[in-house]
Amino acid sequence: MVTTPARRQTFQPGIPDVEGVIALEKAPPQDEPDLTLEWLRFQMSTEGAMGEFRNFRQECEKVDSFVLGEFNFSTAASGTKIRLGTAQSVVKAAVVHVTPPFLDITVPAPGTRGASRAERIQKFLHGASHMREQQTPTRRVTAQHMAMYGVAFEKTEFAAARWGEFPEPPTEDAEMADYKEKISEILDKRDIHFPITDLTVNPTELLWDTANGSDPRWLIWETDISARWVKAHFPEWAGAERGDVKFSEIWTKSQVAYVADRQWAMPPRDHGYGDLNWTMYWPQTGFSLKGNKPEHLYRGMLHGNFEMIEGESALASHYIDIVRKAAWPPKDFIGPVGITADVIAKYEEGPDAKNAVPPNVEIRSGEVPEPSQTIIVAKDMLSAAIESNTAPAVVRGERPSGAASGYETSILSGIAGLNFGPLLEAAQRGLQKRNELTLRIIEHVIMDRVTVWGMTEAGPLDATIKPSEIRGHYVNVVKLNPTSPEEAERKLNLW
């Protein structure tokens, strides 16, 4: 497979650089920006990508508050605040439906004589998927981000520390025995270590090219990191070793660069992966409106439900307050001021409480309010509206009203599970891209055989792949088949 070398667009600094931005946005998909400090400063400014993603990041922070149960809503001054876990339940249900334990990976043959090679690649990818989920699991976090933010990113890299490097050949024959022993140790290590790692990064820490759909041409990851760490890993960095600094990783389809405190920690260099080593999981649950703003393109399952979740929690809180007053009704103390005040101070409430009340002090129970059925009706109405905009409660295992049999519930659960279809399709596309990156890394970076062990539905397996067996054949098809217990029982009953 021949890869067309990426062309880079030269960035001319300006405030703003209108011509440079237009040239980049109109460029063909393989065009990349020229990685310079001026280009990075522009993207990190309000005129660049940082300003473009500002509203998206604010929406993500709002989603976080609802999933973590930290959102606010209006209640009485001394009223109870019960934050319902509706948002968390929706995200958890989505994750369960998108992350079945086993993957169905198919590698089509590259030709009439390539069936055996395709089978070896397919077997290797099955084992690699199992090993990476044991060593660096990412699928559940990726599914969470898709459900919450409407987009997720996963970074795939070659971990050289797991692989080991061959030492320099000795110059004297006396050292040859030690050299062979070291080589043997490294080869034994390579037989049991999988040198490719995955990392899921929160989209709020990233900036990326939105003009190229699901195949961005560049990506920036910025975090706060210790200056001592930067100096230890990049001794030529000219920054000061104190406190934390802004550390940026800049990736394109052909280059990578590291910047710390707006100074080069590692100038741009070719990474050799042959493609951008970041997988974008985009379920396309947002809207492609005029301008293609990130806050419109990337919308999770909770968007559009925030006010309804607030109202649902407020109604539940009001209901609890009324029930609490019914359990402990207010009491009126009538009598002389001094004696009454002393009785109030010593009065105890509870199942086993005993109080001594003087004869000249009278205690009367106040009116006990009855919980209004209107509150329950209103809450049920909001709950139904939230379900219609996210996923019905039946997908979380709740039996719907009117469903008398498990078979009927399984049918409804299967239909309701279609709400997670976009996330499921995005996960399949992303895993296909991750498998492609794995094969690219083995062929172009590792350039040596790699062995994996794994577990499939058929049992354990081990597989070895060589770069000569890949030869540019990266095509693979991933299918996820999530099945609930009720659905599995229904399928068995059909036999």
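Taking CD of Gln144 as the start and OG1 of Thr99 as the end, the distance is 9.0 Å to the nearest 0.5 Å. His145 NE2 to Leu423 CG: the interatomic distance, rounded to the nearest 0.5 Å, is 12.5 Å. Here CD1 of Ile105 is found 9.5 Å from CG of Leu480. Values are rounded to the nearest 0.5 Å. From Thr138, atom OG1 reaches atom NZ of Lys155 across 13.5 Å, with rounding to the nearest 0.5 Å. In this structure, the separation between CH2 on Trp208 and CH2 on Trp221 is 14.0 Å, given to the nearest 0.5 Å. If you take CD on Glu133 and CG on Leu103, they are separated by 8.0 Å, rounding to the nearest 0.5 Å.
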**Q.** Steps toward side-chain contact (heavy atoms from CB on, under 4.5 Å) verdict (Met280, Val151)
**A.** CA-CA 7 Å; Met280 182 180 185; Val151 68; 3.8 Å; yes

Q: Just do the side-chain contact (heavy atoms from CB on, under 4.5 Å) check on Arg57 and Met50 with the steps written out, would you?
A: CA-CA 10 Å; Arg57 292 187 171 188; Met50 184 64 75; 3.6 Å; yes

Q: Go through the steps to decide whether Leu439 and Asn435 satisfy the test side-chain contact (heavy atoms from CB on, under 4.5 Å), and finish with yes or no.
A: CA-CA 6 Å; Leu439 297 176; Asn435 289 338; 5.7 Å; no

Q: Decide side-chain contact (heavy atoms from CB on, under 4.5 Å) for Phe124 and Thr438; before the verdict, give the C-alpha distance in whole Å, the side-chain angles of both, and the deciding distance to 0.1 Å.
A: CA-CA 10 Å; Phe124 174 82; Thr438 301; 4.2 Å; yes

Q: Applying side-chain hydrogen bond (donor to acceptor under 3.5 Å, both in side chains), run through Thr156 and Asp198 and close with a yes or a no.
A: CA-CA 5 Å; Thr156 302; Asp198 301 300; 2.9 Å; yes

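With hydrogens and angles ignored, the 3.5 Å screen pairs a side-chain donor or acceptor of Ser313 with a backbone N or O of Leu84. In this structure, the side chain of Asp261 does not engage the main chain of Gln263 through any donor-acceptor pair within 3.5 Å. A donor-acceptor contact shorter than 3.5 Å links the side chain of Thr285 to the backbone of Arg299. The closest donor-acceptor contact from the side chain of His126 to the backbone of Gln122 lies under 3.5 Å. Side chain of Glu154 to main chain of Thr279: no donor-acceptor pair is present (N/O by atom type, distance under 3.5 Å, no hydrogens or angles). No donor-acceptor pair closer than 3.5 Å links the side chain of Arg217 to the backbone N or O of Thr252. A donor-acceptor pair is defined here as one N or O able to donate and one able to accept, closer than 3.5 Å; no such pair exists between the side chain of Glu469 and the backbone of Arg117. A donor-acceptor pair under 3.5 Å links the side-chain atoms of Glu32 to the main chain of Ser254, judged by distance alone. Using a distance-only test at 3.5 Å, with no hydrogens or angles considered, a donor-acceptor pair links the side chain of Asn476 to the main chain of Tyr474. The main-chain N or O of Phe73 is never found under 3.5 Å from a side-chain atom of Arg83 such that the two would form a donor-acceptor pair.
For the pair Ile446/Ile441, a side-chain contact is recorded, criterion being any heavy-atom separation below 4.5 Å from C-beta on. Taking 4.5 Å as the limit, some side-chain heavy atom of Leu297 sits within range of a side-chain heavy atom of Ser288. Looking at Leu207 and Met44, their side chains come closer than 4.5 Å, going by heavy atoms from C-beta outward. Trp218 places none of its side-chain heavy atoms less than 4.5 Å from the side chain of Ile250. Taking 4.5 Å as the limit, some side-chain heavy atom of His473 sits within range of a side-chain heavy atom of Val107. At a threshold of 4.5 Å between non-hydrogen side-chain atoms, the residues Lys293 and Glu52 do not count as touching. Looking at heavy atoms from C-beta onward, Leu302 lies in side-chain contact with Val67 at the 4.5 angstrom threshold. Side-chain atoms of Val95 and Lys92, non-hydrogen and from C-beta on, never get closer than 4.5 Å to each other.
Ion pairing between Asp215 and Lys253 holds under the 4.0 Å rule for side-chain N and carboxylate O. Taking the charged nitrogens against the carboxylate oxygens, Arg162 and Glu157 have no contact shorter than 4.0 Å, which rules out a salt bridge. Lys123 has no carboxylate O lying under 4.0 Å from a charged side-chain N of Glu119, or vice versa, which leaves the two without a salt bridge.
With sequence neighbours left out, Trp237 forms a ring pair (Phe, Tyr, Trp, His ring centres under 6.0 Å) with no residue at all. Applying the ring pair (Phe, Tyr, Trp, His ring centres under 6.0 Å) rule to His271 yields the partners Trp251, Tyr273; only residues at least two apart in sequence or on another chain are considered. Here Phe247 pairs with Trp229, Tyr258 under the ring pair (Phe, Tyr, Trp, His ring centres under 6.0 Å) rule; sequence neighbours left out. With sequence neighbours excluded, the residues forming a ring pair (Phe, Tyr, Trp, His ring centres under 6.0 Å) with Phe306 are Phe66, His303, listed by chain and number.
Taking every heavy atom of both residues into account, Ala426 and Met146 meet most closely at CB-SD, 3.7 Å. Contact detail for Val230 and Ala260: the closest heavy-atom pair is CG1-CB, 3.7 Å. When all heavy atoms of Ala257 and Leu35 are compared, the closest pair comes out as CB-CD1, 4.3 Å. The two residues Asp209 and Pro216 have their closest heavy-atom pair at O-CB, 3.5 Å. The heavy-atom pair separating Gly150 from Pro283 by the smallest distance is O-CD, 3.2 Å. The two residues Leu276 and Lys433 make their nearest non-hydrogen contact at O-NZ, 3.7 Å.
Residues in residues 220-244 take part in these salt bridge (Lys or Arg N to Asp or Glu O under 4.0 Å) pairs, two or more places apart or across chains: Glu222-Arg262, Asp224-Lys246. Residue pairs meeting the side-chain hydrogen bond (donor to acceptor under 3.5 Å, both in side chains) criterion with at least one member in residues 59-71, sequence neighbours excluded, are Asp64-Tyr149.
Within a 6.0 Å radius of NZ in Lys81, other residues, nucleotides and ligands contribute more than 12 heavy atoms. The local environment of CZ in Arg41 is crowded, with over 12 non-hydrogen atoms from other residues, nucleotides or ligands closer than 6.0 Å.
No hydrogens or angles considered: a donor-acceptor pair under 3.5 Å links the side chains of Thr464 and Thr451. In summary, the side chains of Thr36 and Asp34 do not present any donor paired with an acceptor at a separation below 3.5 Å, with no hydrogens or angles considered. The closest side-chain donor-acceptor pair between Thr142 and Thr200 falls under 3.5 angstrom. Gln135 and Thr197 form no side-chain donor-acceptor contact under 3.5 Å, judged by distance and modelled atom types alone.
Relative orientation of the Trp163 and Phe158 rings is perpendicular, given thresholds of 30° and 60° on the angle between their planes.
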